[in-house]
Amino acid sequence: MDALDRVIKPKTKRAKRFLEKREPKVTENSKNAMLIKGGNANAMVTQVLRDMYALKKPYGVLYKRKNITRPFEDQTSLEFFSKKSDCSLFMFGSHNKKRPNNLVIGRMYDYHVLDMIELGIEKFISLKDIKNSKCPEGTKPMLIFAGDDFDVTEDYRRLKSLLIDFFRGPTVSNIRLAGLDYVLHFTALNGKIHFRSYKLLLKKSGCRTPRIELEEMGPSLDLVLRRTHLASDDLYKLSMKKPKALKQKKRKNISQDTFGTTYGRIHMQKQDLSKLQTRKMKGLKKRPAERIAIENEENLSKRIKKD
C-alpha cells in the first residue's frame with residue numbers, strides 16, 4: 001500500500017474538498033492527460049511530447065524530468081503518477097536501439113491501465129517548424145478519421161477510440177460556428193497512421209456561406225503500429241458503463257419514426273356518439289316519432305336492469 005492509499009479521513013477542510021473533487025460523479029470532469037518522458041528519450045521524442053502538450057492545454061500535465069520505466073513490463077509507476085496527478089490518459093515517449101522514437105498512448109480505469117498502444121515515429125515536423133498562425137490554447141478540435149483500417153481491424157478500432165479520448169477535449173452543450181477553426185486529421189494507409197493538424201480559414205465566397213480552406217499548422221507525424229496491450233471485452237464494457245442517473249427513462253405511449261417525428265398515443269373511454277353535439281340544422285333534427293321511440297327504448301332497458 002502506497003502513501004496515496006493510506007488517506008482515509010481528511011483532517012482539514014482543504015483536504016476534504018480535494019477528496020470530494022476526486023469522488024465518482026454522475027457527469028465526470030474533462031479527462032486530463034499526463035505526458036511522460038522516458039529515461040532514454042531523445043530530442044525528437046521530447047519535442048513530440050511538448051507539441052502534444054501544447055495541443056492538450058489546459059487539460060495536460062507535462063513531466064519534464066526523465067522517468068526510467070517500461071510501460072509494457074511494469075505499470076506501477078504509471079498508475080502512481082495517474083493517482084497523484086488525477087489523470088486518466090497518458091503518453092509516454094522513449095528511444096532505444098530496438099524501438100527507436102517510441103510513443104506509447106493509453107488510458108486508465110480506476111487508476112489502473114485499461115489499454116495502451118505503442119507507436120513508432122517515422123517522420124516528424126514540429127509545431128514551431130511550420131511558420132503559420134496557431135489556434136489559441138484550449139480550442140476544441142474537430143477530429144477526422146480516414147481509412148478502412150479504423151473500422152475493420154480491432155487494433156485500429158481501439159486506437160481510434162484512444163485518439164478520440166485523448167484529443168476530444170471538454171464536453172460542451174452548444175457549439176459556436178466561429179469557434180470551429182481547428183482540425184486533427186488521422187489517415188490509416190499502407191500500415192501507417194498519418195497525423196496532420198490544420199487551421200480552418202473562412203474566406204470570402206461572394207455569398208452568405210464562406211469558402212473554407214485548410215492551412216497546416218503542425219505538428220505532423222507519420223506513425224507505425226507496434227505493440228498493443230488491450231483490455232478484455234468484459235473489462236472494456238465495464239469501463240463504458242453509464243450510471244443510472246444518465247440513462248433516459250422510457251416514456252410510455254411515445255414513439256418516433258425514421259424521420260424523427262414524435263408520436264403520442266392517448267387512451268380514452270368509449271364515446272356515446274348518439275349524444276354527440278352536432279350542427280343544429282333543420283334537416284338533422286329528430287322527428288317527434290323518432291324521439292318517442294328512443295325514449296321508449298331507454299325506459300325499457302332501465303326496467304330490464306332493475307328486474
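Residue numbers run from 1 in the order of the sequence given.
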Just by distance, do the side chain of Arg157 and the backbone of Phe150 share a donor-acceptor pair under 3.5 Å? no
Should Ser94 and Asn40 count as side-chain neighbours, where that means a heavy-atom distance under 4.5 Å? yes
Trace of the side-chain contact (heavy atoms from CB on, under 4.5 Å) decision for Met91 with Tyr53: CA-CA 10 Å; Met91 183 176 284; Tyr53 175 65; over 6 Å; no
Please step through side-chain contact (heavy atoms from CB on, under 4.5 Å) for the pair Leu159 and Phe186, ending with a clear verdict. CA-CA 11 Å; Leu159 175 62; Phe186 302 91; over 6 Å; no
Shortest non-hydrogen contact from Leu127 to Gly218? CD1-O, 2.9 Å
Would Asp234 and Ser232 satisfy side chain to side chain donor-acceptor pair (under 3.5 Å), going step by step from the backbone distance to the final call? CA-CA 6 Å; Asp234 296 335; Ser232 61; 5.5 Å; no
Test side-chain contact (heavy atoms from CB on, under 4.5 Å) on Ser197 and Tyr182; report intermediate values, then the result. CA-CA 8 Å; Ser197 178; Tyr182 173 32; 3.4 Å; yes
Working to the nearest 0.5 angstrom, can you tell me the gap between Leu35 CG and Phe92 CZ? 12.0 Å
Return yes if some donor-acceptor pair links the side-chain N/O of Lys66 with the main-chain N/O of Lys37 below 3.5 Å, else return no. no
Within the structure provided, determine whether Met116 and Leu162 are in side-chain contact (heavy-atom separation under 4.5 Å). no
Please answer: with hydrophobic residues joined when any side-chain heavy atoms are less than 4.5 Å apart, are Ile144 and Leu200 in the same cluster? yes
Please check if atom CD in Gln269 has more than 12 non-hydrogen atoms from other residues, nucleotides or ligands closer than 6.0 Å. no
Give me the atom names and distance for the closest heavy-atom approach of Phe124 to Leu221. CD1-CG, 3.8 Å
Any heavy-atom pair between the side chains of Leu214 and His185 that's under 4.5 Å? no
Less than 4.0 Å between a side-chain N and a carboxylate O, is that true for Asp51 and Lys56? no
To the nearest 0.5 Å, what is the distance between CG (Asn253) and CD1 (Ile266)? 9.5 Å
Around atom CG of Asp257, are there more than 12 heavy atoms from other residues, nucleotides or ligands closer than 6.0 Å? yes
Treat each ILVMFWY residue as a node, draw an edge where side-chain heavy atoms are under 4.5 Å apart, and state whether Phe166 and Ile36 are in one component. no
Under 3.5 Å: donor-acceptor pair, side chain of Asn67, backbone of Arg65: yes
For Cys135, does its backbone N or O pair with a side-chain atom of Lys199 as donor and acceptor, under 3.5 Å? no
Could you walk me through whether Leu223 and Ile121 pass side-chain contact (heavy atoms from CB on, under 4.5 Å), step by step? CA-CA 5 Å; Leu223 306 169; Ile121 306 170; 3.8 Å; yes
Applying a strict under-4.5 Å side-chain criterion to I, L, V, M, F, W and Y, I'd like to know whether Ile164 and Leu184 cluster together. yes
Is any side-chain heavy atom of Leu225 closer than 4.5 Å to one of Leu119? yes
For a 4.5 angstrom cut-off between non-hydrogen side-chain atoms, does Phe145 reach Leu163? yes
In short, Cys87 meets Val61 closest at the heavy-atom pair SG-CG2, 4.0 Å
I need the minimum non-hydrogen distance between Lys128 and Gln47, along with the two atoms involved. NZ-OE1, 3.8 Å
Heavy-atom pair of closest approach, residues Arg50 and Leu62: CG-CD2, 4.4 Å
So CD of Gln75 and CZ of Phe90: to nearest 0.5 Å the spacing works out to 7.5 Å
Relative to each other, are the rings of Phe81 and Tyr63 parallel, tilted or perpendicular (30° and 60° limits)? tilted
Ile212 side, atom CD1; Leu202 side, atom CG - distance, nearest 0.5 Å: 6.0 Å
Do other residues, nucleotides or ligands put more than 12 heavy atoms under 6.0 Å from Ile254 CD1? yes
Is it true that a side-chain atom of Asp74 and a backbone atom of Thr69 form a donor plus acceptor pair closer than 3.5 Å? no
Tell me whether Tyr236 shares a hydrophobic cluster with Tyr111, the cluster being built from Ile, Leu, Val, Met, Phe, Trp, Tyr side chains joined at under 4.5 Å. no
Could you list the donor-acceptor pairs under 3.5 angstrom formed between side-chain atoms of residues 100-108 and any protein atom two or more places apart in sequence or on another chain?
| from | atom 1 | to | atom 2 | distance (Å) |
| --- | --- | --- | --- | --- |
| Asn101 | OD1 | Asn42 | ND2 | 2.9 |
| Asn101 | OD1 | His95 | ND1 | 3.4 |
| Asn102 | OD1 | Arg226 | NH1 | 2.9 |
| Asn102 | ND2 | Glu118 | OE2 | 2.7 |
| Arg107 | NE | Asp115 | OD1 | 3.0 |
| Arg107 | NE | Asp115 | OD2 | 3.4 |
| Arg107 | NH1 | Ser161 | OG | 3.2 |
| Arg107 | NH1 | Asp165 | OD2 | 3.0 |
| Arg107 | NH2 | Asp115 | OD2 | 3.3 |
| Arg107 | NH2 | Ser161 | OG | 3.1 |

Does a side-chain N-to-carboxylate-O contact under 4.0 Å join Lys203 and Glu215? no
Tell me if a side-chain donor or acceptor on Ser126 pairs with a main-chain N or O of Asp129 at a distance below 3.5 Å. no
Salt bridge Arg158-Glu154, side-chain N to carboxylate O under 4.0 Å: yes
Any heavy-atom pair between the side chains of Val152 and Tyr156 that's under 4.5 Å? no
Any side-chain heavy-atom pair from Tyr109 and Met240 closer than 4.5 angstrom? no
Could you check whether any side-chain heavy atom of Thr228 comes within less than 4.5 Å of a side-chain heavy atom of Phe72, counting everything from C-beta outward? no
Could you list who else is in Ile130's hydrophobic cluster, with ILVMFWY side chains joined at under 4.5 Å, directly or through other members? Ile125
Please round to the nearest 0.5 Å and tell me the distance separating atom CZ of Arg227 and atom CG of Asp155. 13.5 Å
Residue set satisfying side-chain contact (heavy atoms from CB on, under 4.5 Å) with Glu137, at least two apart, ordered chain then number -> Lys57, Pro58
Of the non-hydrogen atoms in Gly191 and Val224, which two are nearest, and what is the gap between them? O-CG2, 3.8 Å
Has the side chain of Lys140 got a donor or acceptor atom that lies under 3.5 Å from a matching backbone atom of Arg168? yes
Taking CG in Asn190 as the centre, count heavy atoms belonging to other residues, nucleotides or ligands within less than 6.0 Å. Is the count above 12? no
Return the OG to CG distance between Ser239 and Asp110, rounded to the nearest 0.5 Å. 11.0 Å
Would you say Leu143 ends up clustered with Met52 if hydrophobic residues are merged whenever their side chains have heavy atoms under 4.5 Å apart, either directly or through other cluster members? yes
Taking the six-membered ring of Tyr59 as reference, does the cationic atom of Lys31 (NZ for Lys, CZ for Arg) lie under 6.0 Å from its centre and within 45° of its axis? no
